[in-house]
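Remarks on the structure that follows.
Quick note: residue numbers are just sequence positions, from 1. Keep in mind that what you see is a predicted model, and the values were worked out from it rather than measured.
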Amino acid sequence: MAMIKIKNPVFLLLYFNSLLYLVHAANNTISKGQLIPDGQPIFSENNNFAMGFFGPENSSLRYVGIWYNRIQDRSVIWVANRQAPLRDRNGVLTVGNNGNLIVRDGNGAVVWSSNVLELSSNNTQANLEDTGNVLLSEADDIQRVYWKSFDHPTDTFLPSMRVLATATSGENKAFVSWKSATDPSPGNYTMGVDPRAAPQIVIWEGDRRRWRSGYWDGTIFTGVTYMSGLTNFVYGFKTEFDNGEVYITYNPLNDSDFMKFQISWDGFEKQLQWNESEKQWDSIQQQPANDCELYNFCGDFAICSESSRPRCRCMEGFHPVNGDQWNMDIWSGGCMRNNPLQCQRNDSSGGAEDRFKEMSCNKLPDFADLIDRRQISGSCEEICLRNCSCKGYADVDNIGCMIWYENLIDIQDFGKPGIVMHLRLADSEFDESKLSRTVIALIAVGGAVFLALLAGLLWFLKRKFQARPAAASASLNTKSEVPFSDMSKSKGYSSEISGPADLVIEGSQVNGPDLPLFSFSYVAAATDNFSEELGQGGFGHVYKGKLPTGEDIAVKRLSKISGQGLEEFKNEIILIAKLQHRNLVRLLGCCIHGEEKLLLYEYMPNKSLDFILFDPAKQAILDWKTRFAIIEGIARGLLYLHRDSRLRIIHRDLKASNILLDEEMTPKISDFGMARIFGGNQNELNTNRVVGTYGYMSPEYAMEGLFSVKSDVYSFGVLLLEIISGRRNTSFRQSDHASLIAYAWDLWNEDKAIDLLDPSIRESCNRNEVLRCINVGMLCVQDSAVQRPTMSHVVLMLESNNTSQNLPLPRQPTYTSMRASIDTSEIYLDGQEIVSSNDVTVTMVVGR
């Protein structure tokens, strides 16, 4: 025990009296009168955290703090006396006579107190919980809590903390950075929540904003740039209501992880996760991450895009205030309107009204006002038009009508579809208005002769631009290549890559994919004249190849009689070339040569999921741990398609044969020929061309042609149940159950859900994980799309440690997309890929 020098005799008496408590007090509890000296911390029940005195590196000052105890890096997450450090080791932590938790120096003077003014009694105690929270409560009634350290944080936000986000309470600067890396006193940066309109996480430097997260929509902070592998920032946040107050909380995907958010001394918000194998904190994400993340980097009425050069551009209808500084390195002053709003003009000329231009924002402007429809009548647009100060509006899902009365600031474009905002502009900013005024001016100035010359010029330009696609097509189709018939004479690669370009396929231009275009001779050489076939499907055959670099590839060769036609081929090129995620198959390039159309993919040595999963001789290879990882990977890939990619993609044909497995059994979603792009504000589309695979189609898609993200959720639910059981959904046709879904429901209803698990892997399974997955699967295959979870909620449920009892309960599904009869003329290959000749499925609703 460290020697303690005590000068005050009264305090010495108190100290020795407190020793009587040491035997009886719990290790995580400080009772009234018990002294915790420097060097003898208390520990939470499972030793996750410790509380006591500590000294920063290279400093003699002493503070009372809470730190991680079970990990090598015992970083401090809370400090009591950060503004009143002790200068020696004679301090003690105790519960004083008035019932407050206090820190005394060696002379018995109080240097810090929990400072609760109203205690019903002074018989209190302090408990250090395994969450890192300290509770000051009644000793005889620990449910009666007077004070929590989580309500008075320093620089760290931990899981289970709550941050007040009630609009009437205003900005809550809950977290204050350290002054330096080794000085816990309050620093220059704060972090907290601005609840105006919708909660946002904000970093302040003094009173000036440094960064903000964008508005909370109930699921995500809409202005956070999160990439593949960094989505932990999104999952786990939620809104909590308590006694009329709104709080933001965070729960990690895995309760056993050590996770924290911290406002660093140099002004960065960091999400950190402890890596036990490397004995270090891994940075999951950090904000601000780039120049565009710095608050209002481009100025008012400007948009910042980190992927563009210059980064800054003016909103439509605006021009730079300082035109000579229009470059990527110098930008100041923001933008100003080209023309004043009609309602701001003093004259009454024209009689035109202001209008709105749609624009896509990934991070909406700051300082929105949320309109309460119960108090103000009219649409969001009408409300904005009625007030001349209104600069724009947005009607945002899960938030409501947002109006901007102040200058539009801190706007970002992430290079992917965002939230539709309606920008208020003068009527003169719209193309048709400009055209009409131009025509009038031309008539006044030049008369009929000038108009005749203009007409001739327009005719010439029209002819020129109409000819361009044909020329491009001709240049592509006449590209010099080694004929296929001569490949037997050629042992090498020739005409390797045409390079990334806009593709022209049979006169139709496919714009934009940054995708290498390979010559046919190059692909033929890579595949040894298409000698090693990997498989086939409705589209045609797949061959194995090898690039000159030694990289193995898979080549999909479109069949001339394929059910996947030219449109699907172009669709796959356009979509997958723009997508990057570890759970999506990677497209390396394509080849178009006459009637030959080929796609080059990364090679998947373990083939498709159905190749192993439904083979009794192989399925045991997929033990439960592997299957669960595959389920999680598919879910993350779908979430990326639905929400996190630059495009919003509905796959429409998710099934086991379209899940490929790499050498580590990592799942990769493939085959985007049927996929569709959704606009930023689209939630559902209708089609009279229903395509896909029976057994995986949702009811509303198969019967009404309606598809949405929830259609993919249904297919995922079917696939999840197949992975658990090792059986196809269609394998129950000759049984008492109409489908795997019906069989799973009966087991669920009889409290025998665990019997759904593939018997070959029951010994390797985690029972709680299996039951949780079955629960999630049954929720995904609900008949009504509204009752199905989104993929963000699916991922959260899968990766949480909650038991199935804590998840929503599914209702009995009554639908199955099995065919009542099968026309063999509509079957491709082995009968698993079925597409009706008229593209309309025949479905049978099975009642229960």
Looking only at heavy atoms, the pair that brings T166 and P195 closest together is O-CG, 3.3 Å
Going by an N to O cut-off under 4.0 Å, is there a salt bridge joining E240 and R162?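 Between R162 and E240 there is a salt bridge, with a charged N closer than 4.0 Å to a carboxylate O.
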CD/Q83: more than 12 non-hydrogen atoms of other groups inside 6.0 Å: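 No.
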Taking side chain as C-beta onward, heavy atoms only, is [X] less than 4.5 Å from [Y]?
X    : Y    : value
M791 : V709 : no
W404 : L364 : yes
P199 : Y215 : no
K148 : L136 : no
N362 : T222 : no
E245 : S169 : yes
I203 : I263 : yes
F301 : C314 : no

In this structure, is the centre-to-centre distance between the rings of F356 and Y393 below 6.0 Å? yes
Aromatic ring centroids of H152 and W78 under 6.0 Å? no
Test K363 against V224 for side chain to side chain contact (heavy atoms under 4.5 Å, CB included), laying out the working first. CA-CA 8 Å; K363 180 184 280 189; V224 174; over 6 Å; no
Using the rule given for side chain to side chain contact (heavy atoms under 4.5 Å, CB included), can you reason through E269 versus F175, listing the C-alpha separation, both sets of side-chain angles and the distance that settles it, and then say yes or no? CA-CA 10 Å; E269 176 275 322; F175 304 92; over 6 Å; no
Value rounded to 0.5 Å, distance of [atom1] in [X] from [atom2] in [Y]:
X    : Y    : atom1 : atom2 : result
Q262 : T156 : CD    : OG1   : 4.0 Å
C401 : D395 : SG    : CG    : 5.5 Å
D155 : Y189 : CG    : OH    : 14.0 Å
L341 : E429 : CG    : CD    : 9.5 Å
H422 : M359 : NE2   : CE    : 11.0 Å

Do N133 and T131 have side-chain atoms, one donor and one acceptor, less than 3.5 Å apart? no
Just checking, any donor-acceptor pair under 3.5 angstrom between side chains of D712 and H651?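 Side-chain D/A pair, D712 to H651: absent.
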Does the salt bridge (Lys or Arg N to Asp or Glu O under 4.0 Å) test come out yes or no for R212 and E293, once each step is laid out? CA-CA 8 Å; R212 67 186 180 98; E293 295 288 345; over 6 Å; no
Derivation of the side chain to side chain contact (heavy atoms under 4.5 Å, CB included) call for I201 and M191: CA-CA 7 Å; I201 295 175; M191 179 176 70; 4.2 Å; yes
Compute both the distance and the angle, then confirm whether R210 meets the cation-pi test with Y295: under 6.0 Å from the six-membered ring centre, within 45 degrees of the axis. no
Run the numbers on F237 and W216 for side chain to side chain contact (heavy atoms under 4.5 Å, CB included), then give the verdict. CA-CA 10 Å; F237 279 106; W216 171 255; 3.6 Å; yes
Is there a disulfide bond (SG atoms under 2.5 Å apart) between C312 and C304? Walk through the geometry before answering. CA-CA 5 Å; C312 300; C304 194; 4.6 Å; no
In terms of ring plane angle, is the pair Y250 and F261 parallel, tilted or perpendicular, where the classes change at 30° and 60°?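 The rings of Y250 and F261 stand perpendicular, inter-plane angle above 60°.
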All pairs passing salt bridge (charged side-chain N to carboxylate O under 4.0 Å, His left out) where residues 172-187 contributes a residue, at least two apart: K173-D207
SG of C384 to SG of C390, below 2.5 Å? yes
Determine whether R209 and D366 satisfy the following criterion, salt bridge (Lys or Arg N to Asp or Glu O under 4.0 Å), listing intermediate values before the conclusion. CA-CA 11 Å; R209 291 182 183 234; D366 202 4; 3.1 Å; yes
